[in-house]
Amino acid sequence: MRAPRLVSVVQRRLLVNYRTEPEVTARLLPAPLRPQVVNGWAVSGICLIRLSGVRLPSVPAPFGLRSENGAHRIAVEWDTPDGVAQGVYIPRRDTGSRLNSWVGGRLFPGRHHLSRFDVRESADELRIALADPVDKVRVGVHVRVAAALSGSHLFDDVDQASEFFRRGATGFSTTPDPSHLDGVELLTRGWQVTPVDLASVQSTFFDDPVRFPPGSAIPDCGLLMRNVPATWNPLPPMAVRPTGGPVATRSR
């Protein structure tokens, strides 16, 4: 049975972006995926998203669900009969919702780990932390809304960064079966992002020296989106081979 389409409102979506060494990043990807490379770096990061009104399209908005969620992600590309496709590979998803953790990977694509979220948010500043004491996974970010994107080695300005992530609307996430990935397409209306300055960023995923040797994963920039209607379309699973893919050499 195919999973149903869902609608929601993205109350807040914070993208904390890292520049990562392409060869190191490629070893984390199952074939046929390979990292997208921008200015000599792979583009990786953390998505911290608050959803409200999550429901079937036929269900009235007041009955929709709300949740805090997080995902570690890597911008990827792969070859198809129609050319090169783009999206994101998601090695891990987290949620503060017990329902999401049960439904994800069963009734809707995307397995979620149940984690604790601590969110302190104002119009101009966000502090978000998540922790899974079982897997010893932790994330902590502190950002401030900025007038312009600055200090990024990946993107020249916010418009360039916005377009890059707008194209990456297709996400494929890991499953207990290493031979396939779950797929979801995110469709949004009124796409608009605001730059943020990264005051501090910690992630046990990117700070792990075994996964990312020193200097191979560097916080680069942040983008914020608020109050955007969104539709989540399930996609057919992607067949993969659990081996690292080739290193991309294309620069965008």
Closest non-hydrogen atoms of Q36 and G87, given as atom of the first, atom of the second and distance, are NE2-O, 3.7 Å
Could you pull out all residues at least two apart from D94 that satisfy salt bridge (Lys or Arg N to Asp or Glu O under 4.0 Å)? R92
On a heavy-atom basis, the closest approach of A42 and L154 is O-CD2, 4.3 Å
Heavy-atom pair with the smallest gap, counting every atom of R13 and C47: NE-SG, 3.6 Å
Using modelled atom types and a 3.5 Å cut-off, is there a donor and acceptor pairing between side-chain atoms of H142 and backbone atoms of G140? no
Quick test of your reading of the model: are D118 and R127 salt-bridged, counting only N-O distances below 4.0 Å? no
Should the heavy atoms of other residues, nucleotides or ligands under 6.0 Å from CZ of R189 be counted, would the total exceed 12? no
Donor-acceptor pairs under 3.5 Å, side chain of residues 206-220 to any protein atom, not counting sequence neighbours: which ones?
{"residue": "D207", "atom": "OD2", "partner": "S203", "partner atom": "N", "Å": "3.0"}
{"residue": "D208", "atom": "OD1", "partner": "V210", "partner atom": "N", "Å": "2.9"}
{"residue": "R211", "atom": "NH1", "partner": "F205", "partner atom": "O", "Å": "3.0"}
{"residue": "S216", "atom": "OG", "partner": "P213", "partner atom": "O", "Å": "2.5"}
{"residue": "D220", "atom": "OD1", "partner": "R19", "partner atom": "NH1", "Å": "2.8"}
{"residue": "D220", "atom": "OD1", "partner": "H153", "partner atom": "N", "Å": "2.8"}
{"residue": "D220", "atom": "OD2", "partner": "S152", "partner atom": "OG", "Å": "2.5"}

So do the side chains of L224 and V193 get within less than 4.5 Å of each other, counting heavy atoms only? no
Without swapping roles, check the side chain of D157 against the backbone of D159 for a donor-acceptor pair under 3.5 Å. yes
Are the side chain of R55 and the backbone of G53 linked by a donor-acceptor contact shorter than 3.5 Å? yes
Side chain S8, main chain L51, donor-acceptor under 3.5 Å: no
Could you tell me if the side chain of R116 sits less than 4.5 Å from the side chain of P133, heavy atoms only? yes
Any side-chain heavy-atom pair from N17 and L223 closer than 4.5 angstrom? yes
Consider only side-chain N and O atoms of S67 and N69, and report whether a donor and an acceptor are under 3.5 Å apart. yes
For the pair W41 and T20, evaluate side chain to side chain donor-acceptor pair (under 3.5 Å) and give the outcome as yes or no after the intermediate values. CA-CA 6 Å; W41 293 92; T20 57; over 6 Å; no
Go through the structure and list residues passing salt bridge (Lys or Arg N to Asp or Glu O under 4.0 Å) with R50, not counting sequence neighbours. E68, E121
Taking side chain as C-beta onward, heavy atoms only, is N233 less than 4.5 Å from V184? no
Partner of P35 by side-chain contact (heavy atoms from CB on, under 4.5 Å), out of L29, V76, V43, V24: L29
Is there a ring pair (Phe, Tyr, Trp, His ring centres under 6.0 Å) between F108 and W102 once you walk through the steps? CA-CA 10 Å; F108 195 83; W102 187 87; over 10 Å; no
Verify side chain to side chain donor-acceptor pair (under 3.5 Å) between T80 and D82, making sure each step is shown before the conclusion. CA-CA 5 Å; T80 76; D82 299 320; 4.9 Å; no
Does any part of the side chain of I90, heavy atoms only, come nearer than 4.5 Å to the side chain of T174, both counted from C-beta? no
With side chain to side chain donor-acceptor pair (under 3.5 Å) as the test, would you mind laying out the steps for T175 and D177 before giving the verdict? CA-CA 5 Å; T175 72; D177 181 352; 5.5 Å; no
Could you tell me whether W191 and F165 have their ring centroids closer than 6.0 angstrom? no
Given salt bridge (Lys or Arg N to Asp or Glu O under 4.0 Å), test R34 with D79 step by step and report yes or no. CA-CA 9 Å; R34 58 183 181 265; D79 297 321; 2.9 Å; yes
So do the side chains of P30 and L181 get within less than 4.5 Å of each other, counting heavy atoms only? yes
Are the side chains of T231 and L6 in touch, meaning some heavy atoms are under 4.5 Å apart? no
Considering all heavy atoms of both residues, which atom of H112 and which atom of N100 are nearest to each other, and what is their separation? CB-O, 4.1 Å
Would you compute the distance between atom CG of N227 and atom CD of Q192 and round it to the nearest 0.5 angstrom? 11.5 Å
Is it true that a side-chain atom of T25 and a backbone atom of E21 form a donor plus acceptor pair closer than 3.5 Å? yes
Heavy-atom check, side chain of M238 versus side chain of L33, under 4.5 Å: yes
